Amino acid sequence: MLILYFVFGCFTAIIIMAIILAVIYSILKKKRTEQANIRGYLDLISDLTETQKSQVESIRRSFLPRVEETRKDLCIKRAKLADLLFSEPIDRSKINETYREILRYQSELESDVIDHILEEKELLSPSQQKRFYEIIVDQFSSGGLGVHDVKGRKA
């Protein structure tokens with residue numbers, strides 16, 4: 001009889017652990033999916049009205065393709081720079097030229113993101129603007145452009 005209780009206890013423990021792991025997996029999967037759906041800073045503000053969401057989507061239809069092209073160009077130039085840095089013989093003029101192109105693309109991307117932030121900010125209520133400010137500070141704290149940075153896209 002004692003063995004029966006032991007087996008029943010082990011079986012119950014296994015079932016409970018399986019349920020706990022399934023719940024944890026489900027929560028983590030949901031978080032990953034939510035993070036993957038973030039296309040802009042305003043996706044991090046939960047209380048947007050339907051009108052605001054519609055306006056944001058309208059703004060994104062022109063903004064996202066434009067910055068995506070800049071991001072691609074920036075990645076291509078960075079790959080070219082890496083090749084130039086390790087090619088023989090070293091061609092300093094090509095390295096410097098590629099470096100200046102990278103700076104130009106970075107500047108263009110940052111300018112576009114700043115214009116985009118200002119455009120989106122106008123859609124928000126004062127309390128939403130406060131939350132937007134907190135999001136921008138958090139996103140920029142890593143030294144990049146947050147969700148709109150090249151690094152932000154790869155992650």
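Note that the coordinates shown come from a computational prediction; the quantities given were computed from them, not determined experimentally. Values below: all heavy atoms of this structure, side chains included; hydrogens, waters and symmetry mates excluded.
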Run Glu119 and Asp115 through side chain to side chain contact (heavy atoms under 4.5 Å, CB included) and show every step you take. CA-CA 6 Å; Glu119 190 175 11; Asp115 291 342; over 6 Å; no

When hydrophobic residues are tied together by side-chain contacts of less than 4.5 Å, even through go-betweens, does Ile45 share a cluster with Leu64? yes

Let me see the working for Glu134 and Gln129 under side chain to side chain contact (heavy atoms under 4.5 Å, CB included), right down to the final yes or no. CA-CA 9 Å; Glu134 293 166 355; Gln129 284 187 11; over 6 Å; no

Taking atom CD1 of Ile3 as the centre, report whether more than 12 heavy atoms of other residues, nucleotides or ligands fall under 6.0 Å from it. no

Flag side-chain contact, heavy atom, 4.5 Å: Phe63 against Val113: yes

Can you check whether Arg92's main-chain N or O pairs, donor with acceptor, with Asn96's side chain at less than 3.5 Å? yes

Here's a test for you: under side-chain contact (heavy atoms from CB on, under 4.5 Å), which of Leu48, Val56, Thr51 qualifies with Leu123? Val56

Does one hydrophobic cluster hold both Ile16 and Leu21, with members joined at side-chain heavy-atom distances below 4.5 Å? no

Partners passing side chain to side chain donor-acceptor pair (under 3.5 Å) against Gln55 (at least two apart in sequence or in another chain): none

Could you report the tightest heavy-atom contact between Lys77 and Tyr105, atom names first, then the distance? CG-CE1, 3.6 Å

Are the side chains of Leu103 and Ser107 in touch, meaning some heavy atoms are under 4.5 Å apart? no

NZ on Lys130 to CG on Leu124, rounded to 0.5 Å: 14.0 Å

Kindly compute the distance separating CG (Asp112) from NE2 (His116), expressed to the nearest 0.5 Å. 10.0 Å

Are side-chain heavy atoms of Leu84 and Lys80 found at a separation under 4.5 Å? yes

If Ile, Leu, Val, Met, Phe, Trp and Tyr residues are connected whenever their side-chain heavy atoms lie under 4.5 Å apart, and connections chain through other members, are Leu109 and Tyr99 in the same group? no

Take Glu101 and Arg104 through the test salt bridge (Lys or Arg N to Asp or Glu O under 4.0 Å) and record every step on the way to the result. CA-CA 5 Å; Glu101 290 173 342; Arg104 183 174 58 82; 5.5 Å; no

Paired with Gln52, the side-chain contact (heavy atoms from CB on, under 4.5 Å) test is passed by just one of Glu120, Glu57, Gln128, namely Gln128

Going hydrophobic residue to hydrophobic residue with side-chain gaps under 4.5 angstrom, can you get from Ile102 over to Phe86? yes

The reported gap from CD1 in Ile95 to CG in Leu85 (rounded to nearest 0.5 angstrom) is 5.0 Å

Counterpart residues, side chain to side chain donor-acceptor pair (under 3.5 Å), relative to Glu108 (two or more places apart): Thr70

Under the rule for side-chain contact (heavy atoms from CB on, under 4.5 Å), what residues qualify as partners of Asp91, not counting sequence neighbours? Ser93, Lys94

Looking at every heavy atom in both Ile90 and Ser87, which two are closest together, and how far apart are they? CD1-O, 3.3 Å

Could you tell me whether Asp43 and Arg60 have a side-chain N and a carboxylate O separated by less than 4.0 Å? yes

Same cluster or not: Ile114 versus Ile59, using hydrophobic residues (I, L, V, M, F, W, Y) connected whenever any side-chain heavy atoms lie under 4.5 Å apart? no

